[in-house]
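Predicted model only: the values in this text are computed from it and were never measured.
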2 protein chains.
Amino acid sequence: MTTKERILKAAYSCFSRRGYLGTTTREVAHLAGVSEVTLFRLFGSKKELFREVLINFSVIPDLRSISPPNGSGCEVLIDIGLKIYSSLREKKEFLKILLSEVTGLTGEAEEVYVSFVETLETLLLSVFSSVLALPQGELKLKVKVFGAALFGFFTSEEVFQGKEISSEEVRSFIEVLSRSICGGKE
Amino acid sequence: MTTKERILKAAYSCFSRRGYLGTTTREVAHLAGVSEVTLFRLFGSKKELFREVLINFSVIPDLRSISPPNGSGCEVLIDIGLKIYSSLREKKEFLKILLSEVTGLTGEAEEVYVSFVETLETLLLSVFSSVLALPQGELKLKVKVFGAALFGFFTSEEVFQGKEISSEEVRSFIEVLSRSICGGKE
DNA sequence: ATTGTAAGTAAGTGGTTACTTACATAGGAG
DNA sequence: CTCCTATGTAAGTAACCACTTACTTACAAT
């Protein structure tokens, strides 16, 4: 692991635990096992380091790399739900950072957030349109409901309350959600 | 409005826009039109001011004061959904503060958040159990789905993206959600 | 052997911030 | 009139923090 990577990883950890303002460059450098001077030589400023962290650990590429499952009916929704959920969980720290800074910082994080939502909804829409024969408008509403429920559940339980939700619980949640959206039919 | 109230209101505004660490006591005092010394005389410390803001502007009492509607089927879910959503919206700033500080600060905000979720789910459970004849386990899952979708939609759109969602859009969302949960039956 | 690169150490700079101290003022209650 | 309470002004303190400067060290390539 290069020095730059070690610093990025340390910054990722600090920012997710303490937030941008709560993190000191000294702390990051210490955690990375380098001197503070090195940090500034490699990244220029704290803000730039933050930007690079957001780019480096973004969940967006993970979402983009999900291949829409093929199959029929409800099962497909469950499948995509599980895949998305596991991506979110793998990047929980990234989402922590994003959500705690999105309201405060200068639109820096807000852009990233908007792009995250777009990516998520695009993915869902492609799956939904292959499974449900409905007009675009209704489809988009269902995508919103599905996406909001998935995202709301994850953030509320795992990000904000810090719980570790078991796979079974996640599966139950996603099954109930998917069946509801499908119209109750199995 | 007493001096204390003016300071509380100013602090509420600052904290919600800039976060706890991003807010300076000087800024709060200036916005409240009082001297910084007065602020410290009345609140002792910035942390204590923050605590009082969380108590003073909490959405939890609003949720508790919602009376579970009576009626039948889906309409009741739509009704409670709309009521909850309008409470959340009225206290958007409070939720901004809560969500941006819940991961960072010393569990201060986390307790409040947990209590918020409990209140919300208790309210929903009481409504759901009067409308849907289902075993407790399934009921709780449906409450989770409903609550997560409502909360996820609100936070994602209004808090994190800063959008102002129109009443019609909110209503459409809640109708689709409620009908899905009810099992599609009107 | 020389040079270049990546890193460290030490020391500081300039600015900010929460919070304090000391003293003044203005208005109402007794 | 006199005290009390609420507030203000001015000045300062101690700590912290992002970031810089100047110089050094270690090592690898040429």
Please list every donor-acceptor pair under 3.5 Å in which a side-chain atom of residues 59-66 of chain A meets a protein atom from a residue at least two apart or in another chain.
residue: A:D62; atom: OD1; partner: A:K91; partner atom: NZ; Å: 2.8
residue: A:D62; atom: OD2; partner: A:K91; partner atom: NZ; Å: 3.4
residue: A:S65; atom: OG; partner: A:D62; partner atom: O; Å: 3.0

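- Taking atom CD of residue A:E27 and atom C1' of nucleotide D:dC19, one finds them 17 Å apart after rounding to whole Å.
- Here the P atom of nucleotide C:dA7 and the CD1 atom of A:I7 are 8 Å apart, to the nearest Å.
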Considering only nitrogen or oxygen atoms on both sides, find all protein atoms under 3.5 Å from nucleotides 16-22 of chain C and state each distance.
residue: C:dA18; atom: OP1; partner: B:T23; partner atom: O; Å: 3.3
residue: C:dA18; atom: OP1; partner: B:K46; partner atom: NZ; Å: 3.0
residue: C:dA18; atom: OP2; partner: B:T25; partner atom: N; Å: 3.2
residue: C:dA18; atom: OP2; partner: B:T25; partner atom: OG1; Å: 3.1
residue: C:dC19; atom: OP2; partner: B:K46; partner atom: N; Å: 2.6

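- At C:dT9, none of the side-chain N or O atoms of A:S35 fall inside 4.0 Å of OP1 or OP2 (strictly under the cut-off).
- Atom NZ of B:K4 is separated from atom P of D:dA6 by 11 Å (rounded to the nearest Å).
- Residues satisfying the ring-ring contact (aromatic ring centres under 6.0 Å, His included) criterion with A:F57, sequence neighbours excluded, are A:Y12.
- Spacing between atom NE2 of A:H30 and atom C1' of C:dT9 amounts to 15 Å, rounded to whole angstrom units.
- Residues that satisfy the ring-ring contact (aromatic ring centres under 6.0 Å, His included) test with B:Y113, not counting sequence neighbours, are A:F160, B:F116.
- Pairs engaging residues 20-39 of chain A under the side-chain hydrogen bond (donor to acceptor under 3.5 Å, both in side chains) rule: A:R18-A:E27, A:T25-A:E36, A:S35-A:T38 [sequence neighbours left out].
- Within the structure, side-chain hydrogen bond (donor to acceptor under 3.5 Å, both in side chains) pairs that include any residue of residues 132-147 of chain B comprise A:E157-B:K144, B:E121-B:K144 (at least two apart or interchain).
- The aromatic rings of A:F173 and A:F153 sit parallel, their planes meeting at an angle under 30°, below the 60° perpendicular limit.
- Distance A:L49 CG to D:dC17 P: 16 Å, rounded to the nearest Å.
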